[in-house]
Protein chains: 2
Amino acid sequence: MTVSERGARERMVFSAAQLIRREGVAATGMREVAAHAGAPRGSLQHYFPGGKEQLVNEAVEWAGRYAGGRVARFLAALPEPTPSGLFAAMVRQWTDEYASAGFAGGCPVAAATVDWAESTVSTRAAAAQAFATWTGPVARALTDMGVPEERAGALATLMVSALEGAILLARAEQDVRPLATVATELGPLLDAAVRREG
Amino acid sequence: MTVSERGARERMVFSAAQLIRREGVAATGMREVAAHAGAPRGSLQHYFPGGKEQLVNEAVEWAGRYAGGRVARFLAALPEPTPSGLFAAMVRQWTDEYASAGFAGGCPVAAATVDWAESTVSTRAAAAQAFATWTGPVARALTDMGVPEERAGALATLMVSALEGAILLARAEQDVRPLATVATELGPLLDAAVRREG
DNA sequence: GGCGCACTATGACAGCGGTCATAGTACGCG
DNA sequence: CGCGTACTATGACCGCTGTCATAGTGCGCC
């Protein structure tokens with residue numbers, strides 16, 4: 001409740017997400033998280049008595065909320081909201097980062113799924129929840145744009161899948177080309193799903 | 001050159017790929033690979049003097065060749081080859097595995113990218129190469145079906161991206177729904193890219 | 001038999017991981 | 001002042017990892 005709790009605890013979760021998305025879950029150490037957050041090592045067991053499992057899960061949940069929250073911001077920034085415009089904005093966030101900061105990081109939820117989900121069930125569940133809190137707002141945005149409800153969910157899944165995969169390819173190739181490709185190829189398909197009215 | 005070399009060495013690479021796609025690269029130990037392959041521990045430094053880095057890279061390359069090779073088999077099994085049919089076959093391989101063996105494994109190339117690429121440059125390059133040897137045959141198949149060359153590469157990237165992302169979501173959700181979704185949603189788009197002749 | 005080569009077998013080592021135990025500080029409250 | 005609570009500080013422990021060193025086995029070949 002104090003300021004320091006909001007500060008140190010939250011900072012450690014944030015740092016965990018940052019490190020996880022760069023190095024992976026297994027390669028990210030607890031001491032490393034504390035150091036990156038500028039937090040004392042002793043705070044780890046104070047704030048996260050559940051150990052690494054708890055810290056990782058909270059980082060994954062944080063990432064899910066972050067991604068879901070971005071959707072509203074993207075929509076607000078679009079002059080005229082269209083499905084392709086939303087997807088382009090989602091993709092652009094990554095092309096911008098890769099252009100400015102290099103290809104060091106990926107999606108923390110993807111990292112947790114790939115390299116921790118099998119051994120730690122709660123983390124797998126947290127990843128599923130994170131994807132849900134991400135695709136949810138996307139699907140809602142699509143329906144608001146006139147996409148029929150029965151397709152909005154499917155298209156949101158497609159958008160997130162294509163984006164995650166493109167992030168993967170882009171990191172491997174060290175090139176934003178896959179990201180640009182999925183944005184341009186998927187755009188028309190997404191816009192075509194809008195129910196024409198009048 | 002002897003039988004045992006083909007046997008033990010290859011088996012270890014295969015086992016490495018298997019373990020990596022389940023647990024991730026960092027969580028997969030060398031001793032574990034040898035045990036899984038039924039190979040003696042001493043063979044590790046004999047066949048892979050480059051250490052874990054070499055073993056991981058070979059596993060990634062093997063996975064890339066495997067994925068690329070599957071494309072031809074999928075095509076051969078299709079009564080009438082269409083882009084959507086090829087993509088459906090690629091997706092079905094994963095839905096079948098998840099249905100029969102559970103959601104334990106993902107794509108080893110994705111695992112290597114997410115959790116080893118940042119620290120080991122050669123592995124990142126191997127992952128990029130693996131993706132290239134996978135998308136290559138896909139793009140070639142598309143052109144053979146009548147997709148214009150300038151779009152075939154882009155669509156191949158889209159297919160692989162969507163598939164990789166859907167694998168991720170499916171593992172997290174423990175449900176093949178994302179895989180089925182991308183297959184049905186992307187099918188029409190892919191078929192529409194075929195150059196209508198006559 | 002003797003030599004060389006491919007392969008196998010172990011044991012040790014140094015480092016790092018997460019976690020636990022224990023103690024110490026700071027501060028608000030009565 | 002005394003006490004409790006929140007937080008910090010360290011150090012130790014044990015298990016595991018990749019790697020190296022050293023020695024041993026089997027087999028073909030002269």
> I'd like to know if the side chain of Thr120(A) reaches the main chain of Ala117(A), judged simply by a donor and an acceptor atom lying under 3.5 Å from each other, with no hydrogens or angles considered.
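The answer is no, because no donor-acceptor pair under 3.5 Å joins these two groups.
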> Only one of Leu155(A), Val194(A), Leu190(A) clears side-chain contact (heavy atoms from CB on, under 4.5 Å) with Leu142(A); which?
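So, applying the side-chain contact (heavy atoms from CB on, under 4.5 Å) to Leu142(A) and each of Leu155(A), Val194(A), Leu190(A), only Leu155(A) qualifies.
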> Rounded off to whole Å, could you give me the NE2-to-P distance for the His46(A) and dC20(C) pair?
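Going from NE2 in His46(A) over to P in dC20(C) covers 16 Å.
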> For Lys52(B) and dC16(D), give me the distance from atom NZ to atom P, rounded to whole Å.
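Rounded to whole Å, this separation is 15 Å.
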> To check you understand the geometry: which heavy-atom pair defines the closest contact between Lys52(A) and Val25(A), and what is its length?
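Between these two residues, the closest heavy atoms are NZ-O, 3.2 Å.
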> Any residue in residues 29-42 of chain B with a heavy atom nearer than 4.0 angstrom to DNA chain C? Just list them by number, or reply none.
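DNA chain C contact set from residues 29-42 of chain B: Arg31(B), Pro40(B), Arg41(B), Gly42(B).
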> Provide, to the nearest angstrom, the distance between the CG atom belonging to Leu44(A) and the P atom belonging to dG17(C).
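The distance from CG of Leu44(A) to P of dG17(C) comes to 13 Å, rounded to the nearest Å.
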> If only side-chain N and O atoms count, and only distance matters, is there a donor-acceptor pair under 3.5 Å linking Glu58(A) with Gln54(A)?
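Yes, side-chain donor-acceptor contact under 3.5 Å.
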> Look at the aromatic rings of Tyr98(B) and Trp94(B) and report parallel, tilted or perpendicular, splitting at 30° and 60°.
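Taking Trp94(B) first and then Tyr98(B), their aromatic rings sit tilted (interplane angle of 30° to 60°).
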> Under 3.5 Å between N/O atoms: give me all the protein pairs with nucleotides 21-25 of chain C, atom names plus distance.
from, atom 1, to, atom 2, distance (Å)
dA21(C), N6, Gln45(A), NE2, 2.8

> Does any residue of residues 13-27 of chain A have a heavy atom under 4.0 Å from DNA chain D, and if so, which ones, in number order?
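Per residue number, the list is empty: none.
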> Any idea which heavy atoms bring Glu61(B) and Ala126(B) closest together, and the distance?
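Heavy-atom minimum between the residues: OE2-CB, 4.2 Å.
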> Would you call Arg151(B)-Glu185(A) a salt bridge at under 4.0 Å N-O?
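A salt bridge links Arg151(B) with Glu185(A).
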> Regarding Ser43(A) and Arg9(A), is there a side-chain donor-to-acceptor distance under 3.5 Å anywhere?
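Result is no, nothing qualifies.
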> Thinking salt bridges, do Glu97(B) and Arg21(B) make one under a 4.0 Å N-O criterion?
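Yes, Glu97(B) and Arg21(B) are salt-bridged.
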> Quick one about Glu53(A) and Ser122(A) (side-chain donor to acceptor, distance below 3.5 Å, no hydrogens or angles considered), yes or no?
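A pair is found: one side chain offers a donor N or O, the other an acceptor, under 3.5 Å apart.
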> Can you measure Tyr47(A) atom OH to dT5(D) atom P for me and round it to whole angstrom units?
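So the two atoms are 17 Å apart, to the nearest Å.
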> Quick check against the 3.5 Å criterion: does Arg22(A) have a side-chain atom that pairs as donor or acceptor with the backbone of Ala104(A)?
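No.
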> Rounded to whole Å, please give me the gap between CZ in Phe48(A) and P in dC20(C).
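For the pair Phe48(A) CZ and dC20(C) P, the rounded distance is 15 Å.
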> From CZ of Arg11(A) over to P of dC7(D), roughly how many Å is that when rounded to an integer?
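After rounding, the gap between these two atoms is 13 Å.
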